[in-house]
Amino acid sequence: MLVITTTFLTTRAPSPFLQTMWKSPHKHVRLVGIPAVMFLLFLCFGIRAGSAPLVPSDLTAANFNTLYTGSVQADRSKEYLFHYRPNKSEAVRVWVASTTNDSKLPLMFVVQQQQGVMSWQVPLVLRAITGILYLYRDVSRTLCSLDVENSTSKLALKSPSQLHPMAAHATLEEKHFTVAVTTQSPNNVSYELRVTENSHLLLRSGVKYVFNATPSQPQFFLYEFASDEKSVMVNVTSRIEDPCSVVSVQDFGCPVNDLDQNVNFAGTYQTMTSQAAITVQRTQQNSRFHLVFVVKTDDYACKGILPLTPINLQEVVDTDHRVKELEVEITKTISHKVYMYAIVFCCTLFLPFYLVAFVWMCIRQWRTRPQRQLDLCNVEEQKKLSEDDSIPSSLSGDSYGAIVSCLGHVGAEGPELKARRLRVDWRHTSISSSDEDELEDYDTMDDALSDKNIIRSKPCLHVADLARRKHSAMTKKYQIYCWNLVTVGVFYVLPVIQLVLTYQSVVHDTGNQDICYYNFLCANPLGQLTSFNNVFSNLGYFLLGLLFLLTVAFREFSNQMSPQTKGTHSQHELGLPKHYGLFYAMGFALIMEGLLSACYHVCPNYSNFQFDTAFMYIIAGLCMLKLYQKRHSDVNANAYKAYASFAVIIFFAVLGVVVAKKAVWFWVLCTLVHILASLALSFHIYHVGHWHFSIAIFKHIAIVFYNDCIRRCTRPLHMDRLILLVIGNIFNWSYAIVGFGIRPRDFDSYLLGIFMSNLLLYSAFYIIMKIRSGERILPVPMLFIILAMVAWGAALYFFFQGLTSWEETAAKSRERNKPCILLQFFDHHDIWHFLSSIAMFLSFLVLLTLDDDVDLVRRDKILVF
């Protein structure tokens, strides 16, 4: 090689550059320059000598809309030259086809433009997500060109008066591109080629376009924002679900990622079966975008179903044409005024509730002022009576008459009644020493007065029997519910906010809109929130939860100011025990439900749904605890045990998200826990806390069942309570068995159904027993009951519209999407948020006012059920 280089330098006339370098007075230039030139020549000759010989190319000047046929082989290629004028409303589309099936020695088509090169092979082999290879014999691609932008900017430099109507086309410079056809096959391979102009490249707002696409023939279009457009919505529909396709919005530029392998690498995209919608916002950097449509090689991305046939990853599948007819329409989105109207509407929707509550509080305060003076006189009389007789009201004559009535022995005087009369006579008469010896033989029932188990074993219980503990101590016990819930809520919601914001960032960074299950036909963005309307519509939970807290605080203040609660003992208090801790916990839980529901709707999906339902479990549980606490003040569960039970339920909910559909053992465990928990809780409720709720309770259940049902059949002491518990166990056992058989994927909703059904069942039992006991429902709680039922009915109607479903794939979920129906801003699910928050608020008011009719009734006259 050195000899060849020297000969080359000596036989040829030296170039001026070499002459200058050789004659240079600087020695280092001659020493460094000459070897450098020799090295470059060495590389040139070496590469040229080592490379394969050039394939002769046949260049043909070609025209648009003409079909060209030919054949090539390894030692012969074909090249076509096309001339065109760039136009932003038109695009160049190249279609090629071949009959060859040899994917190892395919035809290679190379399109060389002034600013880029595009190439593909025929037959085209595409790999699906499942790993299967699919073969296509015809390919069609649209050429991307930046000449449109450059030519358009040149035209913009001229004033409109200087432009002739045809000047827009006349001033565009003529461009050209070539299409080269090659192959490595030693045999002739035939092909077909046609180049056409796509006159529908530029889409217009409000105009529908219909076209076809296949996996090997993707389509893309161009849209340019108008001067007054800040954002637009791209609506894509198809009359058929199959085949699966991808809709992608990419920034204007080349190259365009329009193949199944690279469509996910740029822009924002969605998988699609029959419907898709993407909201595109205008940016300062780009006022136009490409809209790309790619048909997938299989339907796994849209349906999540693997093919039934065995998969052979080494085999190339020859597929039929997967043609999808698509219709696209670009529409303008709502203006900022609509956002303002929607926000104002959402705020003013709940303002009447505050006004009505304020007026009601004022009226109640004004009407109870004269009543307080009368209550003060009654309380003074009760104090005098209590000083004369300190016998607990649960053992008074009236109380025992009620118990005897419950037992069916009216007028019968038992030994307890005799002992009471002896005890009263002993306290109000002088007793001699001889009489004291005689009275030692009598039982004065001091043990019965202090033994809670004996009192709770009575066939007919009254509220006074289960409200014997100190009122201040019980108030502190139930206040713990609220403070513990505040602590749990704060520690729960902070990581949730961080997680959903991370999800939202991932959606924006990757462009994958299949991560979050929005109603894309009514997803109004604001800032970083993709669907601001679904987040903001949860405001009602916060506002009405706060209003309920204020209402409870007013009730508590009124109760503390009432004279009937000053200086009296527990056995002489009127009405049900006034403990407001659970009410405060319910109000705060409603606020937390709104906050967590808003977090869930930042990015709704399968993993985040537990955030939307976590405090629904707690709300249902607190409502049932409050109903039970009304007449079982001393035996109701404390906050620590209650929240520990909620923690176990949340644990099962999280576990259900992970393994609910796959693991049979999980459903076996859930069924057993559900049945055993129902049985143990029923036994605990029936015996009014006589037995502690622990593992040993199942031993007591077996003993009681053997003694009372097998060994001897005895009549139940609490028939009404038994009927409720039997109905509740039948329902819960059936629910557990059906759940085990169906095994729904949405385990959170399944678990929530258990709580809501039991709450509804217990509420109905409570109201029925209240009426059956001779109590009445006042007009105010009756109004709340009717309004709550109407609100729940309307709310459930909008809830079951089913705008999304994360139980399915994102593409199948988008088939359920519907446009906005309220103020062009809110959809069906937003209205569900409005109505459900109102329904829950009214339901809370029902619990708050349901027992107002017994506020002036002695507790030893109020039955326990």
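Note that the structure is predicted; figures quoted are calculated from it, not measured.
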Point to revise | Closest approach of N538 to N534 (non-hydrogen atoms, all atoms of both residues) | key: ND2-O, 2.9 Å
Point to revise | Partners meeting salt bridge (charged side-chain N to carboxylate O under 4.0 Å, His left out) with D851 (sequence neighbours left out) | key: K630, R631, K770
Exercise for review: Decide if the gap between the ring center of Y628 and the ring center of Y766 is smaller than 6.0 angstrom.
Suggested key: no
Revision key, fill the gap. Rounding to 0.5 Å, atoms CG (L796) and CG (L835) come to a distance of 9.5 Å
**Study point:** F666 ring center within less than 6.0 Å of F747 ring center
**Key:** yes
Review point. Residues in side-chain contact (heavy atoms from CB on, under 4.5 Å) with S678, at least two apart?
Key: H674, N729, N732, W733
Check your understanding: Roughly how far, to the nearest 0.5 Å, is CZ of F536 from NE2 of H601?
Key -> 15.0 Å
Exercise for review: Applying side-chain contact (heavy atoms from CB on, under 4.5 Å), name anything that partners V654, two or more places apart in sequence or on another chain.
Suggested key: Q610, I650
**Study point:** For E556, all residues meeting side-chain contact (heavy atoms from CB on, under 4.5 Å), sequence neighbours excluded
**Key:** Q560, Y580, Y584
Check your understanding: For L501, what residues pass the side-chain contact (heavy atoms from CB on, under 4.5 Å) criterion, not counting sequence neighbours?
Key -> I497
Point to revise | Exceeds 12 heavy-atom contacts within 6.0 angstrom, atom CH2 of W483 | key: no
Exercise for review: Using only heavy-atom distances, determine whether the side chains of K476 and Q479 contain a donor-acceptor pair under 3.5 Å.
Suggested key: no
**Study point:** For the student: nearest non-hydrogen atoms of F841 and L544, plus distance
**Key:** CD1-O, 3.5 Å
Check your understanding: CZ of F548 to CG of L842: how many Å apart, nearest 0.5 Å?
Key -> 11.0 Å
**Study point:** Minimum heavy-atom distance between S633 and H579, given as atom pair plus value
**Key:** OG-NE2, 3.3 Å
Review point. Parallel, tilted or perpendicular: which describes the rings of Y492 and F615, with under 30° parallel and over 60° perpendicular?
Key: perpendicular
Check your understanding: Are W806 and Y606 an aromatic pair by the rule of ring centers under 6.0 Å?
Key -> yes
Check your understanding: Is the shortest side-chain N to carboxylate O distance from D634 to K477 below 4.0 Å?
Key -> no
Check your understanding: So, Y600 versus F611, ring centres under 6.0 angstrom or not?
Key -> no
Practice item. Please identify each residue that fulfils disulfide (SG to SG under 2.5 Å) with C623, with sequence neighbours left out. Key: none
Check your understanding: Taking the six-membered ring for Trp, is the centroid-to-centroid distance between W360 and F353 below 6.0 Å?
Key -> no
Point to revise | From S843 atom OG to I785 atom CD1, the distance as rounded to the nearest 0.5 Å | key: 9.5 Å
Exercise for review: Would you please say whether a donor-acceptor pair under 3.5 Å links the side chains of Y541 and S836?
Suggested key: yes
Check your understanding: Should we say atom OH of Y354 is surrounded by more than 12 heavy atoms from elsewhere, each under 6.0 Å from it?
Key -> yes
Exercise for review: Taking the six-membered ring for Trp and the single ring otherwise, decide whether the centroids of F799 and W792 are under 6.0 Å apart.
Suggested key: no
Check your understanding: Quick one: OG1 on T671 to CG on L676, what's the gap to the nearest 0.5 Å?
Key -> 10.5 Å
